[in-house]
Structure formats: C-alpha cells, structure tokens
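Notes to accompany the following structure.
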Number of protein chains: 2
Amino acid sequence: MTQLELPTLEDVAKAALVSTATVSRCLNTPERVAAKTLDKVLEAVKTLGYSPNFGARALAAKRTNTFGAVIPTMDNAIFARGLQAFQEELVKNGATLLVASSSYDPEIEEEQIRALVARGADGLLLIGTERSPDIYQFIEDRQIPMVICWAYSNEPTRSYVGFDNYQATFELAERAIKFGHRKFGFISAHQAGNDRARERIRGVIAALNEHNIDASSMDIIESHYSIAAGGECFKKIMETPTPPTIVMCGNDVLAAGAAKMGHEMGLNIPNEVSITGFDNLELATILEPALTTVHVPHREMGKLAAGVLLQNVNDRSYRQHIKLPTSIVEGSSLGPVS
Amino acid sequence: MTQLELPTLEDVAKAALVSTATVSRCLNTPERVAAKTLDKVLEAVKTLGYSPNFGARALAAKRTNTFGAVIPTMDNAIFARGLQAFQEELVKNGATLLVASSSYDPEIEEEQIRALVARGADGLLLIGTERSPDIYQFIEDRQIPMVICWAYSNEPTRSYVGFDNYQATFELAERAIKFGHRKFGFISAHQAGNDRARERIRGVIAALNEHNIDASSMDIIESHYSIAAGGECFKKIMETPTPPTIVMCGNDVLAAGAAKMGHEMGLNIPNEVSITGFDNLELATILEPALTTVHVPHREMGKLAAGVLLQNVNDRSYRQHIKLPTSIVEGSSLGPVS
DNA sequence: CTCCAATATGCAAGCGCTTACATTTTCTTC
DNA sequence: GAAGAAAATGTAAGCGCTTGCATATTGGAG
C-alpha cells in the first residue's frame, strides 16, 4: 500500500517558522494565538494542502467528534428522516455521524456498537431499549454518552429522546373501538428483540381490555418490514374464518402492503375493513383512502437526540428524558364498522 | 471529561506475560503466533475486556478499515437500498461504513468528503460524477480509493459501478413514442450539480430527436425529491395550455406524487395522461395503476462497489468500470395515446 | 547429540498530534 | 523606563498501537 507522503503538522510548522504546538493551537484554539501568527500558519496550511491526521488527533486528544448510530435497517424510510435530522444537527456542531445497521439482529447490533466504540465514537444513538446487559455494561464502563430513541422510559441512568409507543397505539385502538370495532387484527414487526413492536401491541391489547373486549381473539402476525410482506400478512389475516373488522399495522410500510392487498382482494376500505399504520411516512400520503396513522416527530427526535449527546460529551453525568408527543393522523382508512 | 481508564495493549501484555508485539500479532495475524500463546493472550483480552484503540491503530497502521459514502440525502429510499448492500458487503469483510449526506449541495458534499478523508476513510463511495476538480484532486493526491455509483463512464482514471441514466430514459421514451406520445412533460430533480438528472433528461430528448419530435416543446420542471413536490409539479405541467400526454418523472418518488395528483385532478392514468418513474422503489408497487418505471439493480450496485473499493485498497492502481443493466418495469401507468 | 533452519517472541522506534509546563515577548502601570 | 502581569510561543512528553529487526526457542536431519 503506497500511501502518498502527506504534509504533517511538522511540515506546516517548518513552513510557517513556528513550533508544532503553535500550529496545533491555530487549528484548535485560534483565539489563543496572535493574529499575525495565525495568518502565517493558515497560509502555510493552505499552500501545503495540510489536513490533520484523524488517528493521531484522536489518540492525542482522546476525542473524535464522531458519533455513531446503530439502526435496525437503512432499507426503508422508517429511520431515515430522524437520522437525517440527527446528522444535520451534528454537522452543525462540527461533528460527524457514523451509521451502522443491524438488520434487526441483536448480535449484529452488539458487534456494530463495539465497532463504533472501537472507532472512537464520542457518543451513540441507539434505537429502542432492549439489548443485552453486557453491551449496556460495555458502554457504561467506557462512559460513552448514549441516547435511546424511538422509545421512551424515565429510567434515570440512561437518556431517552423518544415517544410512547404503547400510548400511541392505545389511543389509536380506542378510536377504533369508538368506531365500533371489536375484532382486531395486528400486523407487527418481529417482536423478539424489538421493544417498540411489543409496546405497540401492548397498547392495543390494553385498550381492548379497558373496554372489556377479548384481546386474545386478536390475530397477531409478525412480518419483516416490506410492502409485499405486509400484503401477505393481511391476506392471511383476512382469510381466517372470522376475519377482523380492522387490521392495525405496526408500521406504515406494512399498512401500505395491507391496503394494496385489500384492493386486490376487492375489499372496500374502510367499509369492509379498516386499516391503520404507524409513523406517518410520506408513503402514507399516497394511499387511497388516506391512511389513518400515528404521526411521530422524527425530525425533532433526531435533532434533540443530537443535542443531548453533544451535551453529554461535556458533562458525563448529563441525562435527559424527553417524551415527544405523537398524534393520530386522521385518514379515512379507519372508519366505523358497517 | 473524565474518561475511564481503559485497558491498553500493554495491560494485556502484562497480564499474559508476553510483549505488546505479541499481543498485537495475536489480534492482527494470529497465524504467526503459537497456539498456546494465542490462547493465553485471548484469555487476557477477554478478562480485561480489552478493545483496541482506534486512533492508535490508525496512526500506527495507516489503515482504518473504514469506508465512507457521501449520498445526496438519507431522507428517502433512493440510496438506501444500494447503501445497505454496500454496507453489508463491507461488514462481511470486516470493514465499517461511514455515511454522510450532502443535501444535494456540492459544497457540503466537498466538506463531507474532506471530513471522511480526515477521519481516515480507506475508500470512498460517491454518487454521480460531477464535482469540482479540486476535490477530485484532493482525493487523487491522497490516493484514496474511490468508486462512483449511480452513474457510468468509462473514464479510465476512476472506477465506476453504475448504470447508464441516459440509455435508460432513452429507451423508456422510445417506448412512449411507440405508444404514440408526441408531447412530453418531465419532472426532474434539480439539474445543477446533478449529472444523473441531466442524463435522464438528455436521454428523453435524444429519443425525441431520433424520432423527429420537437424536443423543445417538452416542459421540464425541476423539483426536490418528495411526493408532495412531485404532485405540485405535475399539476403545473398539466395546467399549461397544451398539456403533455405523458409526464416522465426523474424518480419514482416524484412519479408517486404525480400519480396522486393525477387522481385528485380526476385524470385517468394512462388514458388521459401517462406517467413514468425511475428507480423501481418498493413505493412504485403500491401505485395504481402500477407504475411503469426503470428498474435499477441497486443492491448489486452497492455490493459490487464494495468489492471494487476493497480491491482498490490493496492495489492502488486498480480501476473498474461496471455498467449494470437497467430494465423497464412494465406497469400500466404508461399506455397508448387515446 | 549437534547444528541449522524455521518458527516464535521481544525490543524499540516511530506514527502525527495535543497539551502541561517552561520560556520568551508584549503590554501595563507607576 | 523598570517591573510585574498577561499573552504568545516553544519544549518535549506522551497517547496506544504496529512492525522491522534482533533474539530466543523449537524441530528435524544427520
């Protein structure tokens, strides 16, 4: 591997006739350097095309200005919007985002977390709360700032910027109940290792119980997040002997698949079956009838998460618990039982 | 900033009663270490919970096993699928992916590239071919392996793993012409700094010229990539005095918006107006009528790009030019002029 | 048993940067 | 203009790791 000889701090120092320390100061704390010297040095930096070596800097400064995020998947838009906002806020503060995805596999997630930490991540954004105590211990041992998103808890040892999945589906289910629905179906993401998915189901069940509806009669089918898979699940649910009058979906992507399959099966939505989603992705806007779903303030979540992390870097004991409000987006895919 | 004292190579060496060099070898080239020693060392690594310091490693080894990608946006699914595949392939080879997004702004892109390089990226994946000579020079000076995706050129100094945007829309337009369309509209991404967008338009114009159709009569509207924006543009185009019989869209997202707006305007697709997309996102599958679009082998592109980059790390002069085939996905949103 | 090659390990010199501390320069103040 | 404080700069010691080279150990072959 022939790496070209790049200019180093020392080269700049020589060219500007100052010490390496001064050059370093010009780059990191320019206010502590005389204006004339600063000019001279920056001039040299420019003509030499110098850019600092990250490894050396990280090694010496014990800080990388890099933050990591491990998301379950990049493959669809669920996390994209929030992550984009997260990154924008980081960049605004001179930091960089490192993204890894776990394919919804806890072991891969753990690996990725370790990889990010090994790469010197100054902080981590993680999705959801369920993971092995080992990996939490690992992060804690190193005092790596961490924020958990897409879920909420007031657990004091960790920071959360998220929303209440349980509450959100609880409210949505209540609305469905008011519309007269008694027999529910639910298409969920795989629940194993996915606390958000479980909470969403729990919310529905709680609402049913609250209204003395037999929750055990609810068909729950698990699926990975894709439109096609959502459609298949919908079909399966609707072909049972006593199909539900409403199919709630753990996500808009699944709901889109369900709605599409509904059309194909010749079912009128919502007259013959209601469908609800979750996330309020842009995708939801093109469905017909318009999807009733749960709006999640993704961008705000990402932005606030960045803030929490940046704060936490400077104050290792800083913890924050932000529960963002979700709201029901009234489409017409949820309607009264006819 | 109180960073906990983490175990270092030296601690491991002491615990295992060997030298730091041996520990390093155990971690990097275990085959050059006696089995007994290896066991001893790995044991110590485990009990101490050692994990190597990235900065130090990068500094000493001049290699980070980190690759960077700068994409225009994370906000929608256009790049997600390809990037996901890219990452999967990297991870399979023990490397990590660093993602940054530029918001379609050349200056931000440049910044992000520099940041990634500064962070020691061993290689870069970039989207499209148009960027300032300066930044290309910067990359070349440092001999950073680079692969350009989502576009194609056989330009020998750089590697490409992409597809022919021009050819793809050329063929699609020809099909439309065969269907009798003579008056075209086009909703494009912003062309400035976006060679893919320009190529797609160029393809259509070339097809029109080929068939002696006045290409200058084609309305071209630029938009950012969002469903809502696509709808607005569609409306604008259709409300001109002589609306086109077909609206081609630079992207499925725009097409989705166009289709939705079409319905809202009470237009029958394709009888009153045809619509085409580009990318064959999963989104396209839920449109009704099914969207006629261009399939792009995103996953294969991502995977191959990773391969090229990994190869290029070991062989600095390695260059590769892969043009992946695109194909037309026959939906029914494109039909004969009635 | 030697002896020598092959294998395994240790030594120590950096990699390029930051930063505590020491030193020099500049600015105040009387 | 001298003295002391404040500001600017320099000196040099690492940060934790890899790796070329030297040294020690092992394993045949004779």
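Both backbone and side-chain heavy atoms feed into the values below; hydrogens, waters and symmetry mates do not.
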> When rounded to the nearest 0.5 angstrom, what is the spacing between NZ in K303(A) and CD in E89(A)?
Replying inline: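 One finds 5.0 Å between NZ of K303(A) and CD of E89(A).
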
>> Quick check for you: to the nearest 0.5 Å, what is the distance between T129(B) atom OG1 and Y152(B) atom OH?
In response: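 The OH atom of Y152(B) is 11.5 Å from OG1 of T129(B), to the nearest 0.5 Å.
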
> What string of B, S and - do you get for nucleotides 16-27 of chain D, 5' to 3', if B is base contact, S is sugar-phosphate-only contact and - is no contact with any protein heavy atom under 4.0 Å?
Replying inline: BBBBB-------

>> Run the ring pair (Phe, Tyr, Trp, His ring centres under 6.0 Å) test against F79(A) and tell me which residues pass, sequence neighbours left out.
In response: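 With neighbours one apart ignored, the set is W150(A).
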
> To 10°, what angle do the rotation axes through the five end pairs on each side of the helix from dC1(C)-dG30(D) to dC30(C)-dG1(D) form?
Replying inline: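 Roughly 30° between the end axes, to the nearest 10°.
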
> Whole Å only: how far is the NZ atom of K36(A) from the P atom of dA7(D)?
Replying inline: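 Whole-Å distance recorded here is 18 Å.
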
> What is the distance, rounded to the nearest whole Å, between atom NZ of K14(A) and atom P of dT11(D)?
Replying inline: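 Taking NZ of K14(A) and P of dT11(D), I get 13 Å after rounding.
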
> Closest heavy-atom contact between P297(A) and L324(A)?
Replying inline: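 The answer is CG-CB, 3.7 Å.
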
> Do you know the tightest heavy-atom contact between N65(B) and D122(B)?
Replying inline: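 The answer is N-OD2, 2.6 Å.
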
>> Can you tell me how the ring of H321(B) sits relative to the ring of Y160(B), calling it parallel under 30°, perpendicular over 60° and tilted otherwise?
In response: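 Taking Y160(B) first and then H321(B), their aromatic rings lie parallel (interplane angle under 30°).
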
>> For a quick check under 3.5 Å, do T29(B) and E31(B) share a side-chain donor-acceptor pair by atom type?
In response: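 Side-chain D/A pair, T29(B) to E31(B): absent.
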
>> Could you go through M301(A) and I322(A), starting from their C-alpha distance and side-chain angles, then the distance that decides it, and tell me whether this counts as side-chain contact (heavy atoms from CB on, under 4.5 Å)?
In response: CA-CA 9 Å; M301(A) 182 165 60; I322(A) 301 176; over 6 Å; no

